[in-house]
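Notes follow the structure.
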2 protein chains.
Amino acid sequence: MESQDLKKAGLKATLPRVRVLQLLENSEQRHMSAEDVYKFLLDSGEDVGLATVYRVLTQFEAAGLVSRHHFEGGLSVFELNEGRHHDHVVCVKCGKIEEFTDDIIEERQRNIAKLKGFDMTDHCLYIYGICHGCQKPR
Amino acid sequence: MESQDLKKAGLKATLPRVRVLQLLENSEQRHMSAEDVYKFLLDSGEDVGLATVYRVLTQFEAAGLVSRHHFEGGLSVFELNEGRHHDHVVCVKCGKIEEFTDDIIEERQRNIAKLKGFDMTDHCLYIYGICHGCQKPR
DNA sequence: ATAATAATGAGAAGCTTTTGCATCACTAAC
DNA sequence: GTTAGTGATGCAAAAGCTTCTCATTATTAT
C-alpha cells in the first residue's frame, strides 16, 4: 500500500503523492517525464497541478523513492526505485529504454572512485544506440 | 591551426568559430557550459552573441569536434574531443571533474549493446561522489 | 571588386522547472 | 465536533536555459 511507503519515507500520504506513486508503480512506461506524469494524472481525472508533480517527484527523489535521469538530448525522466541499481540502454531513434546490470562494471566503478579519492554517492551508465526495430530500412 | 580543423569538419573558418575552438583548446577548464564560453569570450574582448555560442557548439558537436555532457542536476557542459573516449568522475560538492578510461568496462558495454540488439552510437558513464578535498570537515 | 551565400548579434520566443501566495486539507488539542 | 496550527496544493508568475527570427555583416567564389 502506497501510504505506507510514503510514511516510511517521511512524507505525508497526501492524495497527489499517492497518485504519483501509484502511477509510477503501475504504468506500462517505467520511465516518465514530469510532463508525462502530469498528463496521465489529468487523463485519469485527477485535478493536479504541474507544479505539484514536480514538487512531489523532487521529494520522492530526495527520499530515495525514485531516480531521475538526464538522457542525451536533455530529456529527463523519473523511474521508481525498486530493488537494486541498474543502468540503461537508450534508443536514440524511438526512445526505447532497456535496463541492465553488470557486476563487473559495478565493481570497477567502485575501484575507480576509490582510486580517485572520491566517496561515491551515485553513478550511471548510459548506452545510446539504435535498437533492433529502428535499424530496419524504411 | 584551428582554421584547418574547422575546414576539415566542413565548417567555414569564421571568427566566432575559431575563437570558441581556441578557447576550448586552451582553457584551464576542460569542461565548460555555453554560458562559460560566452563569458570567457566577452571578457577576452570578443563581441560575440550567446546565440552564436550555442549555434557553434551545436555545430561542433554534430561535427564530432566536441562532446556534450548532461551531468546530474541538469548542468550541461561541452568538452573538446581529443583522441579517445573517456568517462567522468564528478564531485557533487565542488563540481571538480576527473576523467578516466577503463578498457574492460568499454568492452563489456559493447557486449551489452550487442546483446540487446542495439547498434551503439555513444555511451557515457558518470561516477558522482565527494572528492577528497570536499570530504574534509568544515 | 562584386555578387551570391552563409553566418552573426540582438532580442524575442519556447520549454522546462521553480517560486510566491492565497486557499485548502489534515492533525491534534480543546 | 470545533477550532487553531501546520503543511500541501493549485494557479499564475517568474526564472533558467536554449532556440528561433531577422536584419545586418562577413565570407567565398567569380
Side-chain angles (χ1 to χ4, degrees), chain A residues 2-7 9-23 31-63 65-78 95, chain B residues 1-23 31-63 65-78 95:
Chain A
E2 291 78 11
S3 323
Q4 298 312 314
D5 301 332
L6 288 171
K7 296 261 176 61
L11 296 167
K12 278 198 211 162
T14 63
L15 223 166
R17 285 177 188 156
V18 172
R19 289 287 181 258
V20 171
L21 194 50
Q22 284 179 336
L23 179 57
H31 302 83
M32 306 180 81
S33 69
E35 190 74 28
D36 289 339
V37 171
Y38 175 61
K39 286 194 178 137
F40 266 81
L41 291 180
L42 284 193
D43 288 351
S44 324
E46 296 297 325
D47 178 25
V48 69
L50 182 55
T52 300
V53 170
Y54 274 104
R55 268 187 298 237
V56 167
L57 287 171
T58 302
Q59 290 158 353
F60 284 6
E61 189 189 9
L65 292 176
V66 307
S67 296
R68 185 177 193 148
H69 299 283
H70 299 278
F71 291 138
E72 218 173 68
L75 175 67
S76 56
V77 299
F78 296 83
Chain B
M1 202 207 185
E2 290 79 11
S3 324
Q4 298 313 313
D5 301 331
L6 288 172
K7 296 261 177 59
K8 250 186 287 179
L11 296 168
K12 278 196 213 167
T14 63
L15 224 167
R17 286 179 186 155
V18 173
R19 289 286 180 261
V20 170
L21 194 50
Q22 284 179 337
L23 179 59
H31 303 83
M32 307 179 82
S33 69
E35 190 75 29
D36 289 338
V37 171
Y38 176 60
K39 285 193 179 140
F40 266 81
L41 291 179
L42 283 193
D43 289 351
S44 323
E46 297 297 326
D47 178 24
V48 68
L50 181 55
T52 301
V53 170
Y54 274 103
R55 267 187 300 239
V56 167
L57 288 171
T58 302
Q59 291 159 351
F60 284 7
E61 189 190 8
L65 291 175
V66 307
S67 296
R68 187 176 192 148
H69 298 284
H70 298 279
F71 290 137
E72 216 173 65
L75 175 69
S76 58
V77 300
F78 296 84

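Everything numeric in this text was worked out from a predicted model, so none of it was measured. Proteins come first, then strands; the chains are lettered A, B, ... in the order of their sequence lines, and each starts at number 1.
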Using a cut-off of under 3.5 Å, enumerate the N/O to N/O pairs linking the protein to nucleotides 5-8 of chain D.
{"from": "D/dA8", "atom 1": "OP1", "to": "A/R17", "atom 2": "NH2", "distance (Å)": "3.3"}

| task | Take B/R55 and B/S76, find for each the nucleotide of DNA chain D with the closest heavy atom, and name the residue whose nucleotide sits nearer the 5' end. | result | B/S76
| Roughly how far, to the nearest 0.5 Å, is the CZ atom of A/F78 from the CG atom of A/L57? | 4.5 Å
| request: For the pair B/L50 and B/E35, evaluate side-chain contact (heavy atoms from CB on, under 4.5 Å) and give the outcome as yes or no after the intermediate values. | output: CA-CA 7 Å; B/L50 181 55; B/E35 190 75 29; 4.0 Å; yes
| said: Using a 4.0 Å cut-off on heavy atoms, which residues in residues 40-51 of chain B reach DNA chain D? List them by number, or say none. | reply: B/L50, B/A51
| task | Compute the bend angle of the helix from C/dA1-D/dT30 to C/dC30-D/dG1 from the end axes (five pairs per end), rounded to 10°. | result | 30°
Specify the closest pair of heavy atoms between [X] and [Y], including all atoms of both residues, with the distance to one decimal.
X     : Y     : value
A/A9  : A/L65 : CB-CD1, 4.0 Å
A/V37 : A/V53 : CG1-CG1, 3.8 Å
B/P16 : B/V48 : CB-CG2, 4.4 Å

| said: According to side-chain hydrogen bond (donor to acceptor under 3.5 Å, both in side chains), does anything in residues 39-48 of chain B pair up with another residue at least two apart or in another chain? List the pairs. | reply: B/R19-B/E46
| remark: First and last nt of DNA chain C near chain B, cut-off under 4.0 Å to heavy atoms, 5' to 3', are C/dA6 to C/dG11
| said: For a quick check of understanding: with a heavy-atom distance under 4.0 Å over all strands, which category does A/S33 fall into, base, sugar-phosphate or nothing? | reply: nothing
| request: I would like to know whether A/D36 and A/H31 meet side-chain contact (heavy atoms from CB on, under 4.5 Å); could you show each step before the answer? | output: CA-CA 9 Å; A/D36 289 339; A/H31 302 83; over 6 Å; no
| message | Could you work out, with side chain to side chain donor-acceptor pair (under 3.5 Å) as the rule, every residue matching A/H70, not counting sequence neighbours? | response | none
| query | B/R17 side chain to B/K12 main-chain N or O, any donor-acceptor pair under 3.5 Å? | reply | yes
| request: Figure out the OH/P separation between B/Y54 and D/dT19, and round it to whole Å. | output: 7 Å
| Interatomic distance where CD belongs to B/E35 and P belongs to D/dT18 [whole Å] | 9 Å
| For B/T52 and B/R55, does a side-chain donor sit closer than 3.5 Å to a side-chain acceptor? | yes
| query | What do the steps show when you test A/V20 against A/F60 for side-chain contact (heavy atoms from CB on, under 4.5 Å), and what is the final call? | reply | CA-CA 10 Å; A/V20 171; A/F60 284 6; 3.9 Å; yes
